[in-house]
Amino acid sequence: MAACAASDRGRSPKTHRRRHHHFALTMPVNLPAALATFSALTRPTRLLPALSLATFGDVPVPIVIPGRDIRAVVLDKDNCFAAADALEVHAAYAAKFAALREAYPGNRLLIVSNSAGCYGDTAQAEILEAATGGVPVLRHTRPKPDPACAQDILDFFLKDPSTGVTKSEHVVVVGDRLLTDVVMANTMGAAAVWLHTGVQKSTSIPVRFEQALLSAFTSTGILK
Ligand SMILES: [Mg+2]
């Protein structure tokens, strides 16, 4: 950015504006994630999980959150119960996954991924449903943490009264990403269980950024 500013020095304001306009159009932007970043900066409590664990293997069954009556569970897929891009339960978590299925039968366990079942995908979702013994995979067009995705989740549980879910507060979301899984859960009123490591600790820039954001807020006392 500094180099860009330096090279722009002396240009007319009009040229300057056009260059930045071009930059904005060509940069790949996940708008919901960008808005979640803004939301996290303005309302940092949305980054804060109710429970922070290392991996899916550490998830308690049943999932007990103080002050909550948890009736249904949303599971992220990538780097949560499955390795990134895998369409099956990670071998080390098979027993944990089975225990969750038993504790949350039928439609009380729902997989919500930003890959399988998202953006019109049905092929990956069907493979995943078969590989998990029939755990439903939400078909949704907007990725987490989009409010439309949160609404699709609530509608999924509401349409089956046997889930016992009558409001988002009855739901817990388990996932490895702060700016998608945790922010969506907190924004919709569900509880968030954050897996800070997952199958494999990620070193990607978005993951390092969101984790640095959370530690900055906690180390400065903004979040406790
Ligand atoms: Mg994930």
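Computed from heavy atoms alone, side chains included, the values below leave out hydrogens, waters and symmetry copies. Every number for a ligand or one of its atoms is a count from 1 in the order of the listing.
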Engineer: I'd like to know if R177 pairs up with D76 as an ion pair, taking the criterion as any Lys NZ or Arg NE/NH1/NH2 lying under 4.0 Å from an Asp or Glu carboxylate oxygen.
Structural biologist: no
Engineer: Using distance alone, with no hydrogens and no angle criterion, decide if N107 and S162 have a side-chain donor and acceptor under 3.5 Å apart.
Structural biologist: no
Engineer: May I ask you to determine how many protein N/O/S atoms are under 2.8 Å from the Mg ion (ligand 1)?
Structural biologist: 3
Engineer: For the backbone of S52 and the side chain of W194, can you confirm whether one donor and one acceptor N or O come within less than 3.5 Å of each other?
Structural biologist: no
Engineer: Report yes or no: do L47 and V193 belong to one cluster of Ile/Leu/Val/Met/Phe/Trp/Tyr joined by side chain heavy-atom distances under 4.5 Å?
Structural biologist: no
Engineer: Kindly say whether the aromatic ring centers of F56 and Y93 come within a distance under 6.0 Å.
Structural biologist: yes
Engineer: State whether a side-chain donor-acceptor pair under 3.5 Å links K201 with Q211.
Structural biologist: yes
